[in-house]
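Just below is one structure, and these are the notes that go with it.
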Amino acid sequence: MNKKYEQLIADYLAGELDAAGKEELEILLAEGKIDFMEFRTIEATYEGLGDLSDPKPDEATSTRFYAMLEQETQKNTHAGMFERIYESLRKMISQLSVPKMAYAMALLIIGGFIGSWMNEDSNEIEKLSQEMQSLKEMMMVNMLEGSSAADRLKAVNISSELPNADLEAINALLFTLNNDPSVNVRVQTIEALKRWGDNERVRQGLVRSIATQESPIVLIELADAMTELEVRSSAREFEKVLQERELDYNVQQKLQSSIAVLM
Amino acid sequence: MNSNSDKALMLKVKKGELDKLGLLFERYHRGLYRYFYRMCRDKNTSEDLVQSVFERLLKYRQSYTGEGKFSTWLFSIARNQFNDHHRRSERIGNPVQLDEDRLEMPEETTAPVHQVKEKKEILEEALYALPEDYREVIILSRYEGLRYKEIAEIFESTEGAIKVKMFRAMKELKDIALSFEKEYNYE
């Protein structure tokens, strides 16, 4: 077949054909320059491709990515900090005269001695507080799997005592948000997750959760959280919910006003 | 430029706001996974390749210029990753493994093949029977919604050549699917 005709059909399949192109194609088909039967079977095959199963990645892919990103962010922060310290020291040293330099060195040595003496205590305290945090996290994750709603509520409340959350705690809370049968627990979970609203994983998890929530109370809570955290990408999800479901008038109003803020 | 556009986010990543890569991951990891999976039919390999694409984005973020569409740049990286993986696998004598779970017939299946082969299964097998470059053009255009111009950039070819390739890929796919259909129906 003529290459020009082949390009025309390819454009038609991908929906990239303009009105003039469509007309040209119709004429070629009518004149028999393009085999109509072959054209139809190719078109049907192209449409049939849409019925094939859609492969989806596991949740583990996200977990692995965010762990890598976290590691890289920390590395980057440390590198940036060292560069800044090095630059300031370099500037300072270049401005110092010899007596000033000697004086600074003496101060540095004395400071070093005092620091190492005090450091033992502060290291101990830091270690203890880290241990406390991981204990709390472990307790929270275990309690979230409990059978009583009261226990699960307590677990969500424990999360608010954690100064910062690790991936496991975030995943446990997101899992609870999407799967817990109790509306109260889910509402509290949104509150707890909001505290870490600057974490990308939390933001995306909250957005993804919109489609899974059936309860109007939870949807309203999510709408408030999304507005507060300014997660603009959630507007699309709320629009979908409004289009696909028959919601109570008040809930509709609430979602529409949140979408207006988020857009 | 919209502050949440792909380009704006990648430029922020380049400046050191690494957390912005999370949003790009959420936008593209499913598409990349689909692309890899449809190219190699192996779940683990596809997940590894998705991860390595984002590792590359981080590693070479300074080379991002913001020219052209972000998705074109991303899929060019993905294509290179896939080709590297393919070459490595062949060199060590371990070609891309097909996902055994998908290929195995269900244990209870004792009926003749033509009774269990649905049209879409036949089409799926025909897709995998296509030459790799034909399959790739179909995947990028039909499933990932890339325009021929973008695919041409990824393939370092011309738009016209990609359209011709797409037509021929579809024609061959149709022929293979028809021959498989006959084979299963008359076996």
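Quick caveat: nothing in here was measured; it's all calculated off a predicted structure.
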Which one wins on heavy-atom pair count under 4.5 Å against chain B: [options]?
options                                : answer
Leu8(A), Asp51(A), Leu69(A)            : Leu69(A)
Ile9(A), Leu49(A), Leu13(A)            : Leu49(A)
Ser62(A), Ala44(A), Gly15(A), Ala60(A) : Ser62(A)
Ala14(A), Ala10(A), Pro57(A)           : Pro57(A)
Arg201(A), Glu70(A), Glu38(A)          : Glu38(A)
Lys3(A), Met68(A), Glu72(A), Glu16(A)  : Glu16(A)

Report which part of [X] has an atom under 4.5 Å of a heavy atom belonging to chain A: side chain, backbone, both, or neither.
X         : value
Leu32(B)  : neither
Ile162(B) : neither
Glu17(B)  : neither

Contact part of [X] toward chain B, heavy-atom cut-off under 4.5 Å: side chain, backbone, both or neither?
X         : value
Tyr5(A)   : neither
Lys56(A)  : backbone
Glu200(A) : side chain
Glu47(A)  : backbone

Begin with the C-alpha distance, continue with both residues' side-chain angles, and end with the deciding distance and a verdict on side chain to side chain contact (heavy atoms under 4.5 Å, CB included) for Phe54(B) and Arg64(A). CA-CA 11 Å; Phe54(B) 284 97; Arg64(A) 198 168 147 201; over 6 Å; no
Side chain to side chain contact (heavy atoms under 4.5 Å, CB included) evaluation trace for Leu123(B) with Leu52(A): CA-CA 8 Å; Leu123(B) 191 55; Leu52(A) 302 195; 4.2 Å; yes
If contact means a heavy atom pair closer than 4.5 Å, which residues of residues 203-210 of chain A contact chain B?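 Against chain B, the residues of residues 203-210 of chain A that fall inside the cut-off (heavy atoms, under 4.5 Å) are Gln204(A), Arg208(A).
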Which atom of Tyr46(A) lies closest to which atom of Arg142(B), heavy atoms considered: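 Reported closest heavy-atom pair: O-NE, 2.9 Å.
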For Tyr66(A) and Gly22(B), which heavy atoms make the closest approach, and how far apart are they?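 That would be OH-O, 3.5 Å.
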Got a sec: does the NZ of Lys194(A) have more than 12 other heavy atoms crowding it under 6.0 Å?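 More than 12 within 6.0 Å, yes.
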Before you tell me yes or no, could you show the steps for Lys43(B) and Asp58(A) under salt bridge (Lys or Arg N to Asp or Glu O under 4.0 Å), namely the whole-Å CA-CA distance, both residues' side-chain angles and the distance that decides it to 0.1 Å? CA-CA 9 Å; Lys43(B) 191 175 165 300; Asp58(A) 277 354; 2.7 Å; yes
In terms of the angle between their ring planes, are Phe65(A) and Phe25(B) parallel, tilted or perpendicular, with boundaries placed at 30° and 60°?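 Phe65(A) vs Phe25(B) ring planes: parallel.
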Taking [X] for its side chain and [Y] for its backbone only, find out whether a donor-acceptor pair lies under 3.5 Å.
X        : Y         : answer
Arg34(B) : Asp54(A)  : no
Tyr33(B) : Thr61(A)  : no
Gln7(A)  : Lys163(B) : no

Measuring from atom OG1 of Thr45(A) to atom CG of Leu127(B), what distance do you get when rounded to the nearest 0.5 angstrom?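 One finds 11.5 Å between OG1 of Thr45(A) and CG of Leu127(B).
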How many angstroms lie between atom CG of Asp175(B) and atom CD1 of Ile42(A), to the nearest 0.5 angstrom?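 Asp175(B) atom CG to Ile42(A) atom CD1 measures 8.0 Å (nearest 0.5 Å).
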For a 4.5 angstrom cut-off between non-hydrogen side-chain atoms, does Ser53(A) reach Glu124(B)?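 Yes, close enough: below the 4.5 Å cut-off.
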